[in-house]
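These notes concern the structure reproduced below.
Whatever order the structure lists them in is the order used to number ligands and atoms, beginning at 1. Because only heavy atoms are used, hydrogens play no part in the values below, and waters and symmetry mates are left out as well, while side chains stay in.
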Amino acid sequence: MTDKGLQRIRRFSGSREQMQELADALRAGNLVAIPTETVYGLAANALDAAACRRIFEVKGRPLIDPLIVHVSGPEQAESLAEVSPQARLLMERYWPGPLTIVMRKRPHVPDIVSAGLPTVALRCPKHPLTRELLNLSGLCLAAPSANRFGYVSPTKAEHVEAGLGDSIDYVLDGGPCDIGIESTIIGLADAEHPVLFRPGAVSREELSLALEREVLLPEPRHADESAPVDAPGMLSRHYSPQTPLELFPSGGMPPLSMPGHVVGERCALVLFARPDAHFAALPQAVDLFWLSESGQSAEAARNVFSLLRRLDEGDYAHIWMEQAPAGGLGDAINDRLGRASAKR
Ligand code: TXA
Ligand code: MG
């Protein structure tokens, strides 16, 4: 993690003067980490190509991976994209909230934001501090998750500080994120053929019902990760802790075997829900954790990235984690866990 001695980041809690300073900083082309209901974002003025380029540099993010632009509502969305009636319907139903909509972009949206694609991804976040900042600055804010590329997404201000504290000036602390995993992304560039680019808190079933047509899954990716595809950035390895992570099916038991694992090494075993009293005794070297007290996917989603970070800081040789029960938010959690555990 970052050496605290090198920290230059300042944590703001959102006083009137601070909000004004952040709006000014964004207008001047600086970066600000912002709270959203999903994860923390690393924001820049979306129409300032140089500021957006800094996002890629600071994150170590490849330029082929386009950014999501945060807007104050449908009106600002219209200024950046061609909004179809289907997109308008989803905005009215789900904004502000955890739904990103990919639409055809207008020409003045910088290529660096869209990675050269003819489309742009837009979302209207729900966190009150970020909504205030959007309104106060009058800007549209390009913001990917505020972490180094490929690492676990940040759901608290301290996660942003740990990863980016030596390279950015500000984090606006809005408390722990409510949802805890990134927004659902739907592709509506072709309104007749909606595609689910990334699962999230708004499910594919809900979206299909709202649009009165089936939202399809994208074609499977090629083995060649550098090839441009419809859903760039959906890399098979992502959200990954340093510690080797292995998954096991919901309701199953961990194999407690992993390539390279030496019996007796300290390991973390993470269940989906708090186990009952009859849970099997574990070897002494295995510490037990769970994602949810209540067994609810919403609670598990809120905790999953935070727990992965915490375990990564512990001196575990391996992490075993139970998948979420399938369906709804469980599918979105399993999508992230699948990428987090993908082999290098
Ligand atoms: O919840 C969220 O969406 C968070 C918060 C900060 O709002 N943001 C976020 O950004 O997850 P990021 O950079 O981690 O996700 C951006 C992803 C890209 O990797 C890509 O998969 C998709 O959004 N994306 C962006 N623009 C796209 C486009 N034009 N076409 C298809 N996919 C796009
Ligand atoms: Mg991300």
Side-chain angles (χ1 to χ4, degrees), residues 31-44 46 52 55-56 58-71 80-82 94-106 109-127 130-131 133-134 140-155 159-160 163-164 171-172 174 177-190 194-202 218 221 225 228-240 301 305 332 335-336 339-340:
L31 307 187
V32 174
I34 55 170
T36 84
E37 75 279 31
T38 57
V39 301
Y40 275 75
L42 180 60
C52 292
I55 293 180
F56 287 89
V58 163
K59 279 185 60 95
R61 180 178 175 112
L63 292 168
I64 55 158
D65 192 1
L67 305 176
I68 292 175
V69 180
H70 297 66
V71 295
L80 300 178
E82 294 169 23
Y94 294 107
W95 283 9
L99 179 69
T100 296
I101 307 176
V102 175
M103 292 165 278
R104 295 194 71 78
K105 78 176 190 78
R106 299 206 187 276
V109 175
D111 276 343
I112 187 144
V113 170
S114 59
L117 295 168
T119 53
V120 64
L122 302 184
R123 114 170 172 88
C124 176
K126 195 166 190 170
H127 196 289
T130 288
R131 295 182 60 71
L133 192 57
L134 284 164
C140 304
L141 297 176
S145 49
N147 54 289
R148 301 242 180 242
F149 182 73
Y151 194 62
V152 181
S153 305
T155 56
H159 298 160
V160 179
L164 303 178
V171 55
L172 177 57
C177 299
D178 252 9
I179 295 178
I181 58 174
E182 297 81 354
S183 60
T184 302
I185 304 180
I186 186 171
L188 274 183
D190 174 357
V195 181
L196 190 84
F197 285 146
R198 181 171 72 187
V202 179
R221 286 219 55 177
E225 295 264 305
V229 287
D230 269 358
M234 292 310 288
L235 305 179
S236 50
R237 182 174 166 83
H238 210 74
Y239 315 107
S240 308
F305 285 146
D335 168 76
R336 304 311 189 276
R339 294 174 205 280

Determine, step by step, whether D111 and K105 satisfy the side-chain contact (heavy atoms from CB on, under 4.5 Å) criterion, reporting the C-alpha distance in whole Å, the side-chain angles of both residues, the deciding distance to 0.1 Å, and the verdict. CA-CA 10 Å; D111 276 343; K105 78 176 190 78; 3.9 Å; yes

Is F197 close to T100 at the side-chain level, that is, under 4.5 Å between some pair of heavy atoms? no

CZ of R123 to OG1 of T38, rounded to nearest 0.5 Å, is 4.0 Å

Can an N or O of H70 be found at a distance shorter than 3.5 Å from an N or O of ligand 1? yes

Sorted by chain and number, protein N/O/S atoms nearer to the Mg ion (ligand 2) than 2.8 Å are S145 OG

Item to complete: Give a yes or no on whether the backbone of A301 and the side-chain of R336 come within a donor-acceptor separation of less than 3.5 Å.
Response: no

| task | Flag R198 as yes when one of its N or O atoms lies below 3.5 Å from any N or O atom of ligand 1, and as no otherwise. | result | yes

In ligand 1, the atoms that come under 4.0 Å of a heavy atom of A143 are 6 (C), 8 (N), 10 (O)

Answer yes if the side chains of S153 and E182 hold a donor-acceptor pair under 3.5 Å, and no otherwise.
yes

Counting from 1 in the order shown, the ligand 1 atoms closer than 4.0 Å to a non-hydrogen atom of S183 are 1 (O), 2 (C), 3 (O)

Atoms of ligand 1 under 4.0 Å from any heavy atom of A121, numbered from 1 in the order shown, are 25 (C), 26 (N), 27 (C)

Per-atom filter on ligand 1: closer than 4.0 angstrom to a heavy atom of T119 are 28 (C), 29 (N), 30 (N)

Contact (N/O only, under 3.5 Å) between R61 and ligand 1: yes

Test side chain to side chain contact (heavy atoms under 4.5 Å, CB included), reference L67, set S114, C52, P110, output is C52

Closest to atom 23 (O) of ligand 1 by heavy-atom distance, out of L42, T184, I185, L122, is I185

Report task. Would you mind reporting whether R148 and K59 have side-chain heavy atoms less than 4.5 Å apart? Result -> no

- Where the side chain of T184 meets the backbone of L99, is there a donor-acceptor pair that is under 3.5 Å apart? no

Would you say T36 and ligand 1 have an N/O pair spaced under 3.5 Å apart?
no

Give a yes/no verdict on whether any heavy atom in S145 is under 4.0 Å from an atom of ligand 1.
yes

For S240 and R339 the tightest heavy-atom approach is OG-O, 3.5 Å

Answer whether the closest heavy-atom distance between the side chains of N147 and H159 falls below 4.5 Å. no

contact_flag S114 ligand 1 heavy-atom lt 4.0 Å
no

If we number the atoms of ligand 1 from 1 as shown, the ones under 4.0 Å from a heavy atom of I68 are 3 (O), 8 (N), 9 (C), 10 (O), 15 (O), 16 (C), 23 (O)

In ligand 1, the atoms that come under 4.0 Å of a heavy atom of L117 are 28 (C), 29 (N), 30 (N)

In ligand 1, the atoms that come under 4.0 Å of a heavy atom of L67 are 25 (C), 26 (N)

For the side chain of R104 and the backbone of T119, is there at least one donor-acceptor N/O pair under 3.5 Å apart?
no

Taking only non-hydrogen atoms of G41 and a 4.0 Å limit, the atoms of ligand 1 in range are 6 (C)

CG of D335 to CG of L196, rounded to nearest 0.5 Å, is 9.0 Å

Can you classify the ring geometry of F149 versus H238 as parallel (below 30°), tilted (30 to 60°) or perpendicular (above 60°)?
perpendicular

